[in-house]
Amino acid sequence: MKFSFSSRHIINYSLLAVIFLSGCDTSETALLTEKSIIYCSEGSPESFNPQTVTSGTTIDATAYQLYNRLLSFDSQDNSLIPELAKSWHITRDGTKVTFYLRKDVQFHDTDYFTPTRVLNADDVIFSFERILEQDHPYHEVSGGRYPFFNNNNFASIVERIEKINDFTIRFHLTGPNKGFLSSLATDYAVILSAEYADQLALQSSEQNIDIYPIGTGPFKFQEYRAGSFIRYYRHQDYWQSPALIQQLLFDITPNNTGRLTKLLASECDIVAYPIAHQTIDQHPALSLDQVTAYNVAYFGFNTQKPPFDNKLVRQAVAYAINKDAIMDAVYYGQAERAKSLLPPSAWDYEQSVNQIDYSIAKAQELLAEAGIEPGSLTIDIWAMPVQRAYNPDAVTMAKLIQADLQNIGINSNIVSYEWATFLKRLSNGEHQSVLIGWTADYADPDNFFTPLLSCSSARTGTNRALWCNDEFDQLLADALATSSSEQRRAYYQQAIELIAQEVPLVPIAHSKRFQARSSSVQGLVLDPFGGIDFTKVTKN
Amino acid sequence: MLLFFVRRLSLFLFTMLLLTWFAFSLAHLFPGDPLINLTGQVNANPEQLIALGQQYHTEDHMIFQYFSYLEHIISGDLGLSMASQLPIASELANLLPATIELSIVALAIAMITGVPIGFVAAIYHKRKVDDVILTFSMIGYSIPIFWLGLLAVLIFSIELGWLPSAGQLSLIYEIDHVTGFLIIDILLSDNTYKWQAFADATAHIILPACVVALAPATIFIRLARTTMLEILETSYIKAAKAKGLSFRQIIYRHAVRNAMIQVVRHVGLQFASLMTLAMVTEVIFSWPGIGRWLIDSIYQRDYTAIQNGLLVLSIFIFIVHIITDLTYAGLNPLARERSYGS
């Protein structure tokens, strides 16, 4: 029953033809459908300002569409490249970073704001002081939460920001910091308009800054209906070459089947997180894109509580887990088996890691060494209740691990709570072991190690293993302080080996991120960090 | 005719009283504070609640409360939706036109297809064609609409890719809200792409309208068939036959016209059940109408929306009935003689 896909268009064209023939006056306009892209997204954005969120849905909808950052990551090798800052300079001691801004960057001209000047140092200072200064008039607007910057201790890294001239600014840091430049290139470090903020302050409608956004990005905000759609228009005066499409629509379709139906009925050009990969792959008019995302799913042990305060038990469990079975049953082969915390496609650290292979004999030996009789130990496995890119089905994964542990004589119960409760109890350290994961915010190995396993993260709660090892922390600190990338690499290599020995967690998989599109859509690159960029998309 | 009109009007007023009393009592029967159920003011602070209580006479006898409620309804204040905190009156003004549009198109499809097929069946009475038509109309009538809707999406949207599966218009077209009736709004708009939008809106309405139309179409088939059979048996048709008129002349000049009078009378009755079908269909086709909104309100326990939404919907259907009755009476002088509403 597969008819050619264009028959839908034939119907539309014939309807149009009927109208033309019936003598109505129509100007010679190409079909609007060819100048618009509809992206079926999985949820509503929480805000239109990426500074205030961490959710991937909001980042997809806003970060690359509405805004620019000072720097960005090269999509090939993840090195830093200029964006709004045309160049930058770091003093030898690493404490002063000077940015030289482009002088041709126009802000969006919309119904609610008309810019009178190009981007300058004031805008950059406004954007960051809003985050840094507690008493800044805009700090508390939209709740005063800047989760990415709080997690990174941004306020303690940056001492102050100095305006040198209209197009030069200098960040004074409290000490040399490797991660600082990377964090300015993340999706969250966007540049807002200070002029717009002043205008809103005059009207005392400050809250509009994150509701009716103004940025410098390739698209400008036109309309948003909560739970329904977002409409963006092309920003004509974009400082790079303007977007190739006239309008961009986010059709908010939380239902997985609904998104698939809309794709098959060509009501969406692109859908986020598609289901039924095989159907899409086999369809002649659709394409499935995938990219290994910077994420990791892991099985973490609470190292503060028995029995996992014993390294031998942790090692035994690590040997007992059959990762290949998990790859097939949970990821359907759509993920890479994790050898360390770091995704191998991003940084090739893994070659020399003495990784733990599946071996029941070795596991039983280690258990015996730890003095545990087969059948005498029962543990809880916490499985997260939600679907995430890194782990599509934690409960199934938990069942597989349960069976694996049974093989070495460990009994286990699977525990799951509603997501918010789950996270709260997890932060309290009530678990024995947990299946969860992590998605990196920027392309730096530190963004895997520090949030997951450092002592400071054990205090703030993102370290699910509650593992605090001074040697490990020292390695991370050394890696951040050194300026030689060879040296840095060596430190991280040691850190990986330390994790393999101590086993505070077992990395399981690095999953891929998927996106399905109609084959007529070209030029869309799926970024490993999540934020989608529609600037170069065309449709024919 | 005047007497007929007055009788209908009084019937309307009494029905309204009963309906509003029913809606009012729902607020007391639903769980929670009746005042909040009536007004939808879930976020009101104690002072605002006291002020509201005075407006709605919550301290007084039930009758006073009812009349103050009636006063609010008549002045167009239907309270706020508990879920969205938007005035229900404005939400209904946005949604009802979409449902009416779908229902009217479906009704037109049902009449255009159903009535002629019914006549054909009557003309070929007790022959193969009649049997086939009757069988298909029975099957069509028995198919559950939600199943049919999903099947239609599967075949025409997913497999064949001919027609869109969801919504009223592709998001890419921006049409200003003037009357709420999308097709009229498109024709009124000065959008450069309005004819493309019109084609798109037409493509969007075909599938849901056909799904809604199926059940009423089968009713029209059987109705038209029975009426036609009765008329073909009447003495004036026999007289016409005896006069030597050709079969074609008998059917077109005499039978069809007289049969249509009976059919039109039932259109109004069908409109009510059609609206119900449309509401279920809206959920399947994500049609932005009142049905989807009411079902969402039920899920969200939005009592204000449920009671006042139902009230407005019932009033609307009742008005449609009265209008069809009056039209029928206008067309058929015999009906006016029947002075009691039936």
Legend entry - Distance-only side-chain donor-acceptor flag, B:D185 / B:H177, under 3.5 Å: no
Inset, instruction - Establish, from distance only, whether the side-chain atoms of A:T538 and A:Q522 form a donor-acceptor pair under 3.5 Å. - result: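 Per modelled atom types, A:T538 and A:Q522 side chains form no pair under 3.5 Å.
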Legend entry - Sole candidate of B:S286, B:S165, B:S157 that passes side chain to side chain donor-acceptor pair (under 3.5 Å) when paired with A:E267: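 By the side chain to side chain donor-acceptor pair (under 3.5 Å) criterion, A:E267 pairs with just one of B:S286, B:S165, B:S157: B:S165.
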Inset, instruction - Examine whether an atom of B:F156 lies under 4.5 Å from a heavy atom of chain A, and if so say whether it belongs to the side chain, the backbone or both; otherwise answer neither. - result: neither
Legend entry - Segment of B:S170 engaging chain A (4.5 angstrom heavy-atom cut-off): side chain
Legend entry - Part of A:I38 within contact of chain B (heavy atom distance under 4.5 Å):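 Contact with chain B is through the side chain of A:I38 alone.
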Inset, instruction - Going by the side chain to side chain contact (heavy atoms under 4.5 Å, CB included) test, name the single residue among B:T99, B:L96, B:T276, B:N308 that passes it with B:L313. - result: B:L96
Inset, instruction - Sort out for me which of A:Q246, A:R231, A:Q222 touches chain B most, counting heavy-atom pairs under 4.5 Å. - result: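 Greatest number of close heavy-atom pairs with chain B: A:R231.
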